[in-house]
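Taking it in order: structure first as structure tokens, then the write-up.
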Amino acid sequence: MSQLLILAAEETENPLVPPIPELVIGLIAFVIVFGFLAWKLLPNINKVLEERREAIEGGIEKAEAAQTEAQSVLEQYKAQLAEARHEAARLRQEAQEQGAALIAEMRAEGQRQREEIVTAGHAQIEADRKAASSALRQDVGKLATELAGKLVGESLEDHARQSRVIDRFLDELEEKAEAAR
């Protein structure tokens, strides 16, 4: 039996190796199908792949262009913002300077008005002092003349002499008052 088994084993074909006519027919069918697919499908596949590649590259280029534009717009906005801040600082400085000038001007005007008021007050006081001095001279002169007339027993109605005596007396009083100061 062992010989029978050996003979049987030799006559059975290896299932992994197909018969030659099937292998040739399969190879021809494969070449025909592969050729047909390469002739019909490969251009379509390449076309779709090229469109996708162009779309991706176009999208990347658009994104880069948009990013570049966005960067330039950002730089413009930053420059405008810096300029606006500079302008605001300049306006603030001008306002402070104008405020300081206005305060100085108002102080000077107040000082001038105060000086005018003080000068006017001094002038009014001097005028009042002179008027009071004149009125006092007349009143003192009359009283002194009346008193002197009563003491002497005669009337001292001579106005010229009376004025001289009164003026001399009051001048002496003023000199003594100034010397006492």
- Value rounded to 0.5 Å, distance of NZ in Lys47 from CG in Leu49: 12.5 Å
- Query: Could you state the interatomic distance from CZ (Arg85) to CD (Gln80), rounded to the nearest 0.5 Å?
  - Reply: 13.0 Å
- Message: Between Gln71 and Gln67, does the side chain to side chain donor-acceptor pair (under 3.5 Å) criterion hold? Intermediate values first, please.
- Response: CA-CA 6 Å; Gln71 187 67 25; Gln67 185 176 8; over 6 Å; no
- Is Leu37 reachable from Ile45 through a run of hydrophobic residues whose side-chain heavy atoms are each under 4.5 Å from the next? yes
- Is there a side-chain contact between Glu174 and Asp171, using heavy atoms and a 4.5 Å cut-off? yes
- Task: Could you tell me whether the side chain of Arg53 reaches within less than 4.5 Å of the side chain of Glu57, counting heavy atoms only?
- Result: yes
- With a cut-off of 6.0 Å (strictly less than), are more than 12 heavy atoms of other residues, nucleotides or ligands near CD of Glu87? yes
- Query: Any luck finding a side-chain donor-acceptor pair between Gln113 and Glu109 under 3.5 Å?
  - Reply: yes
- Task: Determine the sole option in Met106, Arg107, Glu105 for which the side chain to side chain contact (heavy atoms under 4.5 Å, CB included) test with Ile103 is passed.
- Result: Arg107
- Rounded distance (nearest 0.5 Å) linking atom NE2 of His86 with atom CD of Glu83: 8.5 Å
- Item | Reported NE2-to-CD1 distance for the pair His122 and Ile125, which is rounded to 0.5 angstrom | 6.5 Å
- Item | Donor-acceptor pair between Glu50 and Asn46 side chains, under 3.5 angstrom | no
- Task: Mark yes when over 12 heavy atoms from residues, nucleotides or ligands other than Leu41 sit less than 6.0 Å from its CG; otherwise mark no.
- Result: yes
- Pro43 versus Ala38, closest heavy-atom pair with distance: CD-O, 3.4 Å
- Message: Between Ile32 and Val24, is there shared hydrophobic-cluster membership here, with clusters defined by ILVMFWY side-chain heavy atoms closer than 4.5 Å?
- Response: yes
- Transitively linked via ILVMFWY side-chain contacts under 4.5 Å: Ile20 with Ile28? yes
- Message: Between Arg112 and Glu115 (salt bridge meaning N to carboxylate O under 4.0 Å), is one present in this structure?
- Response: no
- Please say whether more than 12 non-hydrogen atoms of neighbouring residues, nucleotides or ligands are located less than 6.0 Å from CD in Glu126. yes
